[in-house]
Structures are given as C-alpha cells and as structure tokens.
Amino acid sequence: MQRRDSRTALCRTGEGVYHWRLSPQAPPMRPCVERRACSGILDEARSSRHSPVTRDMTTAPSLRISELPAHAGQHVVVRAWVTHVRSSGKVAFAALRDGTGVAQAVFVKSQVGDDLWARFAELTTETSVEIAGEARVNPRAPSVLDIGVTRLEIIGPSPSDYPIQPKEHGIDFLLDHRHFWLRSPRQRAIMVIRNEVEQAIHDFFYERGFLRVDTPILTAAIGERSGLFATEYFEEGTAYLAQTGQLYGEAAAAAFGKIYTFGPTFRAEKSKTRRHLTEFWMIEPEVAWNDSEANMKLQEDFVEFLVQRVVQRRRPELDELERDVSKLERITAPFPRLNYTDAVALVQRKGSTAKWGDDLGAEDEALIVEDYDKPVFVFNYPKEAKAFYMKENPDDPRTVLCNDLLAPEGFGEMIGGSQREDDYDKLLARIKEEGLPIEAYDWYLDLRRYGTFTHAGFGLGLERTIAWICGIQHIREVIAFPRMMHRLRP
RNA sequence: UCCCCAGUAGCUCAGUUGGUCAGAGCAUCCGACUGUUAAUCGGAGGGUCGUAGGUUCAAGUCCUACCUGGGGAGCCA
C-alpha cells in the first residue's frame with residue numbers, strides 16, 4: 001500500500017487498485033464504498049487530478065458487523081461472507097460473517113421485488129457480498145441483527161461444493177482445509193485470544209522496561225541438542241533454523257539489561273503428540289542480575305498477567321470455546337514450588353517408577369499437577385537431565401539452578417527456565433562434556449570472559465500457553481497454519 | 001524411532017461368526033412452505049470399500065506387505 005497524503009492511500013488487490021480513505025475522526029481505514037467508481041484509476045490518481053475523497057463522501061461507508069448495533073434502525077452497507085442460507089417460501093435468510101461478528105440478511109419476497117428475490121438463489125455458502133438495507137433488532141433473536149435487504153451485490157461467487165460444513169469433521173480433513181477452517185467461529189475465537197496474548201506479552205515487558213530484541217532465525221550450529229532443520233548457506237556451508245534465541249538473548253542482556261525475544265523456533269523432532277509442532281513461537285526473556293529465585297517470580301507474574309488479561313478482555317471468545325473461566329480466574333501469583341527431589345518423592349508415593357536423576361516424564365508431570373489448581377514450579381533438576389548452560393547449584397552441585405513451570409489441567413510444560421552458568425571454566429567444561437563444537441560457542445564463552453554477570457531467563461511456549469488458556473487439547477489448533485512432521489500445507 | 005488404532009459417497013459414519021452389504025445422516029441438485037436459527041417436508045444424483053498381493057466356491061469383512069492419517073511414548077516449549 002502506498003500513502004498518498006494524510007487522508008488517502010492507494011491499495012492494490014488481486015482485482016485492481018482502489019482507494020482507502022483515512023478519516024481523522026476514525027483512525028482505522030475504511031474502504032470507500034463505491035469501489036467500482038474508484039478502481040482502475042491508478043494513473044489518474046497519481047496525477048492528482050482525481051479526488052477520491054470527495055467522491056467517497058457522497059456515499060455511506062460500509063460498516064463492520066460489530067458496529068451494527070449502534071446503527072439499529074438506520075440504512076447500512078455491509079460487506080461480508082454468506083455462511084448459511086435458509087429459504088421459507090416467501091421469506092429467505094442469509095447468515096453473514098465478516099470476522100467481527102455475525103448478522104442475518106432478510107429477504108421478504110413481497111418487499112424486495114422479483115429481481116432481488118431471484119438473486120437470493122445465487123447466494124451459496126461463502127459467497128462474498130455487499131448488502132445494503134435497514135439494520136433492525138429481531139425480537140425473536142435479539143443476539144443477531146437483521147438487515148432488511150434493499151440492495152445485493154455479489155462480489156465473489158462461491159461454488160456449491162464448499163467443503164466445510166457446520167458439523168463434525170475429522171482432524172485430517174480440517175487441517176487439509178485449514179485456509180477455510182479459519183473462517184469458523186471457534187477458530188476465530190482462538191485467533192482473537194492468541195492475538196490478545198501476544199499483545200499482552202508486549203505490554204507486560206514494555207511496561208517493565210524490557211527491550212525487545214529480535215534474534216536470528218538462520219544460525220550456525222548452536223543451541224540445544226534435539227533435531228535441527230538444515231539449509232544451504234552460500235560459502236558458509238550449512239545453516240540451521242534457530243531452536244532458541246536464548247544464547248543471543250544472553251548477549252543482549254549484557255548490552256541492554258532486561259530483554260526479551262519473541263519469534264518462531266524450529267525443531268526437527270519426529271514428535272507426534274498434542275504438545276509438539278516443528279515450528280512454534282517462543283518468548284524468551286533474559287534479565288541481567290536476576291538469580292533463579294527472581295526468575296521464577298518474573299515467570300509467575302508474567303503468566304498471571306497473560307491469563308488475567310484474556311479473562312478481562314476476551315470473555316466472549318472464552319465463552320465461544322466453552323472454557324471454564326473460573327479455572328482461569330484462580331491463576332494468581334504466587335505459584336506452588338516443588339524442588340526436584342521433593343517432586344520425585346511425591347510421584348514415587350503415587351506409584352511412579354521415577355528415580356532420582358531421571359528427568360520427569362509426562363506421566364510424572366501429570367501426577368504432580370493433579371493436586372493443584374495453579375501452575376506448578378519444579379526447580380533444581382539434576383545436571384545430567386538439563387542443558388549445558390544452566391548454572392551449577394552451589395548448595396548441591398549434582399543439580400542446576402533451573403525450573404520448569406507445569407500448566408494445570410494436564411496441559412504440560414509451559415516454561416523452561418534457568419539461571420545461566422556465569423563461570424567461564426565451568427561453562428567450558430560443560431560444553432566439552434556434551435561434546436559440543438567449542439568453536440561455535442566462542443562468542444558465547446566471551447560473555448563470561450568480558451564482564452561476566454549473574455543472569456537468568458526462560459522460554460515460554462506460546463502455543464502451549466494459548467492451548468491451556470483456551471482449553472484446547474491439541475496445540476495445532478492455536479496457530480493459524482501449523483507445521484508438523486507430516487504437514488507442510490496449506 | 002517404538003507401541004496402539006483407523007482408512008467404505010464431498011463430509012461424519014454403520015456394515016454381525018466371510019454368503020442381497022453398496023447403506024444412513026448431512027452436504028449438493030429439483031420441488032413445497034411468509035420468520036428461519038445446523039429450519040422442516042418430499043424427491044434425485046453420487047462409491048474400483050486406501051494400494052498391491054494372497055486364502056476361499058465366495059472378501060468391505062480373513063492373512064501379508066506397503067501407503068496415509070490419528071492417539072501415546074521418548075525429546076522438549
């Protein structure tokens with residue numbers, strides 16, 4: 001899009017070029033209604049002889065469906081998609097959706113005339129339309145506004161074989177048609193909540209003086225142990241898609257103090273569970289001078305903030321998903337904390353075969369979480385079970401200063417965090433123990449040579465967090481276009 | 001990579017110990033209906049039963065392999 005001046009802009013679509021009016025009173029841009037009048041006039045507009053604004057002002061702007069209740073009793077213009085048609089002899093209905101809400105277009109044969117009545121038959125599921133008429137409250141169904149149609153323009157017809165129906169579908173079919181599935185009310189609710197969470201993340205850190213740092217997606221061999229996606233990279237050989245931004249985040253924390261990253265990460269793990277994607281989004285704060293205790297405090301404040309923000313602002317969407325909101329309202333800091341040794345003893349009492357030194361498996365996590373209605377911290381795991389960069393626990397060198405945060409209701413591990421090893425010699429020894437290529441970590445080791453510092457951070461899995469908040473069992477549903485082992489399209 | 005389950009109409013599924021087993025609902029199309037909310041009612045079209053072999057007089061059904069998907073484990077967020 002190209003801005004012309006403070007009030008107009010040119011917008012190009014697949015169908016042509018038309019104008020958007022920027023109203024000082026209404027900051028969100030609205031398309032001019034008479035699109036045909038403005039289309040295909042790029043050259044004229046460039047020469048500044050054409051003034052789309054004055055022409056625009058002669059017509060009423062189209063409204064979003066969410067704005068309709070404020071215009072009840074008035075003549076309105078709406079652009080939307082038809083989700084459903086029903087006919088009853090001499091009255092016909094077309095359910096409408098535009099992403100902001102739903103409405104119902106009403107055609108009464110005796111009022112609309114034969115021509116408009118006949119054109120109702122052209123409406124099929126997912127036809128895109130411009131409809132003009134009177135907005136009015138229907139006493140029989142006050143929640144959905146009627147539009148008594150006086151004008152109908154079919155913008156994009158839709159063949160009668162639209163695959164998504166208002167009924168149960170298999171997950172394979174739905175994922176094959178994800179580009180259509182997103183149009184359903186439930187998927188819209190999930191994406192709205194995802195957007196709310198993302199906005200809340202940025203607000204939380206901005207308000208607390210964190211600097212957002214964008215870390216690279218193409219990296220040399222560095223990061224964690226599990227599978228890497230590889231790609232050719234000019235003369236440098238092989239590049240890998242980032243599994244984490246953490247190591248870069250540590251460098252940024254030494255420069256800026258408090259930082260966070262927000263971006264996609266990639267794991268070529270052949271995982272087939274409801275908790276795994278090959279491409280997922282992660283938030284990774286890194287804070288200079290935070291120890292492990294302060295790190296956990298930040299985590300619980302952060303999680304509380306995200307959950308309560310959604311509860312406060314996205315109640316309709318939570319209701320659409322039939323989420324038990326009372327379970328979310330209870331999510332307030334502080335969260336219960338179990339050190340690893342106590343956690344092992346707990347799951348052993350409950351019949352687990354886990355023994356000290358093992359990482360806790362999914363079943364063990366479920367045993368821990370079942371006693372609580374808040375997320376639970378498990379902290380200070382054995383060194384062998386955790387990554388090389390975690391700081392040795394001075395009180396028990398068999399363990400490291402780290403924590404997992406387990407979501408309630410069986411949604412699993414939401415956060416992994418730790419205080420980082422700040423001792424050069426110990427970090428070097430751990431890199432060697434792990435058999436990692438030292439030359440790839442020279443810059444990371446430099447952070448300990450030039451002004452080492454206590455610091456800690458964590459990674460929060462965005463999709464796991466949203467799945468928990470939404471009460472969605474599988475995280476593939478909380479990202480618009482999930483990437484999994486067997487799914488690369490759409 | 002390992003364990004378990006499933007592939008039958010556009011979709012969701014039923015199909016009994018192998019023998020009218022090519023079926024239903026929804027969707028689509030045609031017709032009826034003046035207020036429907038996944039409208040209702042009547043009618044029609046629509047399938048090499050995932051693929052390839054095998055057993056049998058006879059296979060959607062039993063066996064083998066492969067393909068595809070789902071659930072779980074491990075790994076992790």
Side-chain angles (χ1 to χ4, degrees), chain A residues 83-96 102-112 117 121 124-125 136 138-144 146 148 158-177 180-181 184-185 223-227 243-246 263-284 299 358-366 381 385-387 404-407 411-417 458-468 473-476 478-479 484-487:
Chain A
T83 60
H84 211 81
V85 289
R86 288 181 293 274
S87 168
S88 184
K90 288 165 185 165
V91 181
F93 307 89
L96 303 175
V102 295
Q104 178 170 258
V106 182
F107 298 74
V108 178
K109 190 177 183 183
S110 61
Q111 295 169 13
V112 299
W117 179 256
T124 57
T125 301
R136 59 194 183 218
N138 177 4
R140 300 174 194 86
S143 60
V144 178
D146 277 2
S158 176
S160 62
D161 59 354
Y162 182 74
I164 307 278
Q165 299 171 31
K167 57 170 285 191
E168 290 291 315
H169 290 292
I171 189 64
D172 187 38
F173 177 82
L174 287 171
L175 287 172
D176 283 344
H177 297 87
F180 290 145
W181 189 19
S184 72
E224 300 189 4
R225 287 171 285 195
S226 51
Q243 297 183 318
T244 170
Q246 179 202 312
T265 52
F266 306 88
R267 307 268 167 102
E269 299 158 352
K270 293 189 174 179
S271 299
K272 284 178 62 178
T273 83
R274 72 180 74 165
R275 300 184 309 281
H276 288 87
L277 299 169
T278 54
E279 177 181 304
F280 65 98
W281 289 67
M282 193 150 64
I283 294 86
E284 297 179 284
Q299 289 169 51
D358 297 340
D359 202 356
L360 297 172
E363 281 180 35
D364 297 321
E365 291 181 359
Y381 283 71
K386 289 294 175 182
D404 286 350
L405 182 64
L406 309 178
F411 282 88
E413 187 181 333
M414 184 166 38
I415 286 179
F458 62 91
L460 175 136
L462 182 65
E463 285 78 15
R464 288 185 183 180
T465 303
I466 295 167
W468 163 52
Q473 289 303 311
H474 200 304
I475 65 170
R476 65 190 164 204
V478 307
I479 185 168
M484 293 174 287
M485 184 167 58
H486 293 297
R487 201 164 290 277

Could you please name the option among B/A38, B/C29, B/A77 that lies closest to any side-chain atom of A/Ser160?
B/C29
Which nucleotide, in any strand shown, forms a Watson-Crick or G-U wobble pair with B/U48, with both distances under 3.5 Å?
none
B/G25 to B/U68 separation - C1' atoms, rounded to the nearest Å
26 Å
Is there a stack between A/Phe280 and B/A77, judged by ring centres under 5.5 Å and planes under 30°?
yes
State whether the distance check finds a donor on one side and an acceptor on the other, under 3.5 Å, for side chain A/Gln104 versus base B/U36.
yes
If you check the A/Arg267 side chain, which of B/G35, B/C76, B/G70 turns out closest?
B/C76
Taking CZ from A/Arg136 and C1' from B/G35, how many angstroms apart are they, rounded to a whole number?
10 Å
On RNA chain B, compare the nucleotides closest to A/Val85 and A/Ile475; which residue's is nearer the 5' end?
A/Val85
Sub-4.5 Å side-chain heavy-atom contact between A/Thr83 and A/Val102
no
Do A/Asp146 side-chain and B/U36 base share a donor-acceptor contact under 3.5 Å?
no
Respond yes when some side-chain nitrogen or oxygen of A/Arg274 is under 4.0 Å from OP1 or OP2 of B/G71, and no when none is.
no
Does A/Arg487 have a side-chain nitrogen or oxygen under 4.0 Å from the phosphate oxygens OP1 or OP2 of B/U68?
no
Sticking with atom P, work out how far B/A27 lies from B/G42, rounded to a whole angstrom.
13 Å
Using a heavy-atom cut-off of 4.0 Å across all strands, would you classify A/Phe93 as base, sugar-phosphate, or nothing?
base
Heavy-atom pair of closest approach, residues A/Trp117 and A/Gly89:
CZ2-O, 3.0 Å
Just by distance, do the side chain of A/Thr124 and the backbone of A/Ser158 share a donor-acceptor pair under 3.5 Å?
yes
On the side chain of A/His276, is there an atom forming a donor-acceptor pair with the base of B/C76 - under 3.5 Å, no angle test?
yes
NA contact type, A/Leu462, heavy-atom cut-off 4.0 Å: base, sugar-phosphate, or nothing?
nothing
Classify A/Gly361 by what it touches in the nucleic acid, base, sugar-phosphate, or nothing, heavy-atom distance under 4.0 Å.
sugar-phosphate
OP1 or OP2 of B/G71 sitting under 4.0 Å from any side-chain N/O of A/His474?
yes
Paired to B/U17 by Watson-Crick or G-U wobble criteria (both distances under 3.5 Å) is none
Spacing of A/Lys90 atom NZ relative to B/G35 atom P, expressed in whole Å
11 Å
Separation of B/A77 P from A/Arg476 CZ (nearest whole Å)
22 Å
Sub-4.5 Å side-chain heavy-atom contact between A/Ile475 and A/His276
no
A/Met485 atom CE is separated from B/C75 atom P, nearest whole Å, by 16 Å
Return whichever of A/Thr125 or A/Glu363 has its heavy-atom-nearest nucleotide of RNA chain B closer to the 5' end.
A/Thr125
When rounded to whole Å, the CD to P distance for the pair A/Gln243 and B/A77 reads 10 Å
When both distances are under 3.5 Å in a Watson-Crick or G-U wobble arrangement, the nucleotide paired with B/C2 is B/G72
Whole angstrom value for the distance that separates P of B/C76 from CD1 of A/Ile283
20 Å
Does A/Arg275 place a side-chain N or O at less than 4.0 Å from the phosphate oxygens OP1/OP2 of B/A73?
yes
Scanning all shown strands, the Watson-Crick or wobble mate of B/C26 with both distances under 3.5 Å is B/G10
Just to be sure I understand the rule, does A/Asp359 reach a base, reach only the sugar-phosphate, or reach nothing, if contact means heavy atoms closer than 4.0 Å?
sugar-phosphate
Scanning all shown strands, the Watson-Crick or wobble mate of B/G60 with both distances under 3.5 Å is none
Would a 4.5 Å heavy-atom cut-off, applied to side chains only, mark A/Leu277 and A/Arg487 as touching?
no
Heavy atoms under 4.0 Å, any strand shown: does A/Lys272 hit a base, just sugar-phosphate, or nothing?
base
When you compare B/C49 with B/G7, how far apart are their C1' atoms, in angstrom units rounded to a whole number?
10 Å
Confirm from the modelled atom types if A/Arg86 and B/C33 form a donor-acceptor pair under 3.5 Å, side chain to base only.
no
Interatomic distance where CG belongs to A/Asp364 and P belongs to B/C75 [whole Å]:
11 Å
Is there a donor-acceptor pair closer than 3.5 Å between any side-chain N or O of A/Thr265 and the backbone N or O of A/Phe280?
yes
Describe the nucleic acid contact of A/Ala362 in one word from base, sugar-phosphate, nothing, applying a heavy-atom distance below 4.0 Å.
sugar-phosphate
With heavy atoms under 4.0 Å as the rule, sort A/Ser87 into base, sugar-phosphate or nothing.
base
For B/U40, what is the paired nucleotide under Watson-Crick or G-U wobble rules, both distances under 3.5 Å?
B/A32
Mind telling me whether A/His177 and A/Phe180 have parallel, tilted or perpendicular rings, with 30° and 60° as the class edges?
parallel
Do you know the tightest heavy-atom contact between A/Gln104 and A/Arg86?
OE1-NH2, 2.8 Å
At under 4.0 Å between heavy atoms, what does A/Asp172 touch on the DNA or RNA strands: base, sugar-phosphate, or nothing?
sugar-phosphate
Between B/A77 atom P and A/Phe266 atom CZ, what is the distance in whole Å?
16 Å
